[in-house]
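Every chain is numbered from 1, with letters handed out A, B, ... down the list of sequences. Worth knowing before you read on, the calculation uses all heavy atoms, side chains too, and leaves out hydrogens, waters and symmetry mates. None of the values given here were measured: they were computed from a predicted structure.
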2 protein chains.
Amino acid sequence: MVAQKIRNMEEFSAKCGVSRPTVSKYFNEPSSVRASTRQKIEAALEQYDFRPNLYAVNQNRRITKNIGIVVPYVADPFFSEVARKLERCCIEAGFSPSTFSSHGSPDHELEILDILRSMRPAGVLMAPIGRDSHKKKLEAFCKEIPTVLVDSNLEGIGATFIGSNNFQSVPLMVEYLCRTGEPPCFFEMPPVNPNANKRRAAYTQAMEELGHTPHVIRVEGDDWEFEEIGYNGGLKILEKNDLPSRTILCSNDRLAIGLMAAAYELGIKVGIAPDCTLRIAGHDDHPFARYTCPSLTTISQDYEAITERSVDTLVNLIEHGRNKRDREDTLYEGRLIMRSSA
Amino acid sequence: MVAQKIRNMEEFSAKCGVSRPTVSKYFNEPSSVRASTRQKIEAALEQYDFRPNLYAVNQNRRITKNIGIVVPYVADPFFSEVARKLERCCIEAGFSPSTFSSHGSPDHELEILDILRSMRPAGVLMAPIGRDSHKKKLEAFCKEIPTVLVDSNLEGIGATFIGSNNFQSVPLMVEYLCRTGEPPCFFEMPPVNPNANKRRAAYTQAMEELGHTPHVIRVEGDDWEFEEIGYNGGLKILEKNDLPSRTILCSNDRLAIGLMAAAYELGIKVGIAPDCTLRIAGHDDHPFARYTCPSLTTISQDYEAITERSVDTLVNLIEHGRNKRDREDTLYEGRLIMRSSA
DNA sequence: ATTAATTTTTAACGCGCGTAAAGTTTATTT
DNA sequence: AAATAAACTTTACGCGCGTTAAAAATTAAT
């Protein structure tokens, strides 16, 4: 690597012995230039490390190579994992991802849309907050920029939706819990997104099909501190001691983690061991679900498949345009992860 | 809001009844134009929502308003919290943060530096991976772009370092543990960054000053799956049952969470209750430490202070240039969080 | 060797905005 | 009211690159 700094593509192309437009073509798509000139350029690249000015490139390209990634709350390990995997897929597909977290606030979600607009991304992967999202503005955004919804579906918004099938995963869990003990009640908080609603509905349906009466317990809370909500709500319902069932299926793992903490504090032993008086199950296979005490029985979402498929779909959309007719949503099935809490 | 689309600042300035250079000045610093013209512009802004083209702006400004944020592993809730707070501070200070995660890989950390370079940021807030970071390249980067190191210090690299004082926090915990029971042994994994080394050293020193013999237990593992490392290592050492102490101070909370899971699985009761045979303490006050079973006694780092101070320092550096002489690192003190695990 | 097809070069324009210089208007001071 | 300062307008250039069209060079095919 030579010390001399290259200021711009003009200078660099001189070092290559190739004209600037050709070098420009190369950076757009290396395979679009003849092998011999590609070699010249790459040889120079070894010597002078030059990178085209990001801003100049993006200003002039019709569409950029940027992909926006929006998750509702990056401090939630589920979403930080999702974001991480999405990023990786984007890079592999030759795009530059930029990740944003709505921090659980619909207003912030809107602000992110504005930031995204100013980035003129080729496409957006969006896990919307859900419940409180400003639907109309979101819809307008999706019409402007190719957007794939991930994890949480908003009917009719975005080009497609890719997530998991709550109507498969929840019954799977309900059946398991019924087969191995008392039929579960359902522990939830005010739903933050459609998944929460679907899970409750799927629970109710599954219970009825098995000939049991569904019981839904809802506790208060309206932010993204799910553990806290599960804990405080858990303390209340466990202290009253009039649970409809000693098996509790939680709407998600974080809620379950809070509930388990409450049970522990009240001296209630959780698990499937003989001396336990409460079974708790979750949903999502949160990265820490393996390390709760007891380890959490839950449903594992197929992260890998969801994220890969999302990026694939978006890239297709970007490169071949949208097929208006087929907003065929993809739903992946969850796997039952049997551990020791239920 | 009027339907008509504004294409560029020229068009927009016409709508304002103000010249383009003045509008440009306004977007740079609203207070730099007369109140009356500011009103004109803002009135037009209400009607036509126009935003200057991001790429054109950044291409032409001497320095951008971007700040790069780099954390070693965003799926680690500690760092996702840190990233979140850093972002917020940057925005409040009028900058545009972009967050990157090294995903625990030094090579990826280097790639991020390249991406950052091409963004020409005004400054960078960096929590380096530590142990395996390519120090020389990092150093070169810091000389190019004003960089403040956060959380994990690399001697002599960056403009300043801001983090917590392990030599205050660890002794605080050691003293507490000694006062309330058996002196602790120290549970660690191969150190991923200087903090880990400092914590061990601080532990040893504190124990000796109190007249006790320090015992360090190191378990294997070299990635960022700390819970798994704590769990697997924990199973091994707990099964052998020749612990130097029934009180274990862990190098960090995630390790402690893994260790607690191992103890639970082996039927070892953890906590300060009379029937418990093992005490476990952590360090960092991980967002979930409150919800472990039992809840985790730990050291709380002053996130808020660290992040605010980091951004303040960087903004100062950006606006007033660097004072070469005073690389005066800032260390915040940790607070002892007494819960029920130790 | 001639022709056709492909690739590269040359030359030039435009993207949207920052910025600077010179001249003009507006506000402030005495 | 005149003098001065401050803010604004006009004009113009440049940033670094994408992109295009026409001309030139290279390669492949006949």
What is the distance, to the nearest angstrom, from the CZ atom on A/R120 to the P atom on C/dC17?
11 Å
Pairing residues for B/E155 by the side-chain contact (heavy atoms from CB on, under 4.5 Å) criterion, not counting sequence neighbours:
B/N153
Selection from D/dG18, C/dG18, C/dA20 that lies nearest to any side-chain heavy atom of B/R61
C/dG18
Rounded to the nearest angstrom, tell me the gap between atom OH in A/Y55 and atom C1' in D/dC17.
15 Å
Using a 4.0 Å heavy-atom cut-off, does B/Y26 contact any base of the nucleic acid, only the sugar-phosphate backbone, or nothing at all?
nothing
Does B/S24 have a side-chain nitrogen or oxygen under 4.0 Å from the phosphate oxygens OP1 or OP2 of C/dC17?
no
Here the distance between atom C1' of C/dC17 and atom CD of B/E11, to the nearest Å, is 14 Å
Here the distance between atom P of D/dG16 and atom CZ of A/R7, to the nearest Å, is 7 Å
Write down the distance between CZ (A/F12) and P (D/dC17), rounded to a whole number of angstrom.
11 Å
Readout for nucleotides 4-10 of chain D: B = base within 4.0 Å of protein heavy atom, S = sugar-phosphate only, - = neither; 5' to 3' it is ---SSBB
Is it the case that D/dG14 (base atoms only) and B/N60 (side chain only) share a donor and an acceptor within less than 3.5 Å, ignoring hydrogens and angles?
yes
Do the side chains of B/N66 and B/R120 get nearer than 4.5 Å, heavy atoms only?
no
Separation of C/dC17 P from B/K65 NZ (nearest whole Å)
18 Å
When rounded to whole Å, the CG to C1' distance for the pair B/N58 and C/dT19 reads 16 Å
Does B/E81 come within less than 4.0 Å of B/R84, counting only side-chain N to carboxylate O?
yes
Expressed in angstrom and rounded to an integer, what is the separation of B/Q59 atom CD from C/dT19 atom C1'?
14 Å
Could you state the interatomic distance from CG (B/N8) to CZ (B/R20), rounded to the nearest 0.5 Å?
8.5 Å
Does the separation of the ring centres of B/F78 and B/Y73 fall below 6.0 angstrom?
no
Gap separating the OH atom of B/Y55 from the OG atom of A/S118, nearest 0.5 angstrom:
7.0 Å
For the student: nearest non-hydrogen atoms of B/L138 and B/L113, plus distance:
CA-CD1, 4.2 Å
Check this one for me: any side-chain N or O of B/R62 less than 4.0 Å away from OP1 or OP2 of C/dA20?
yes
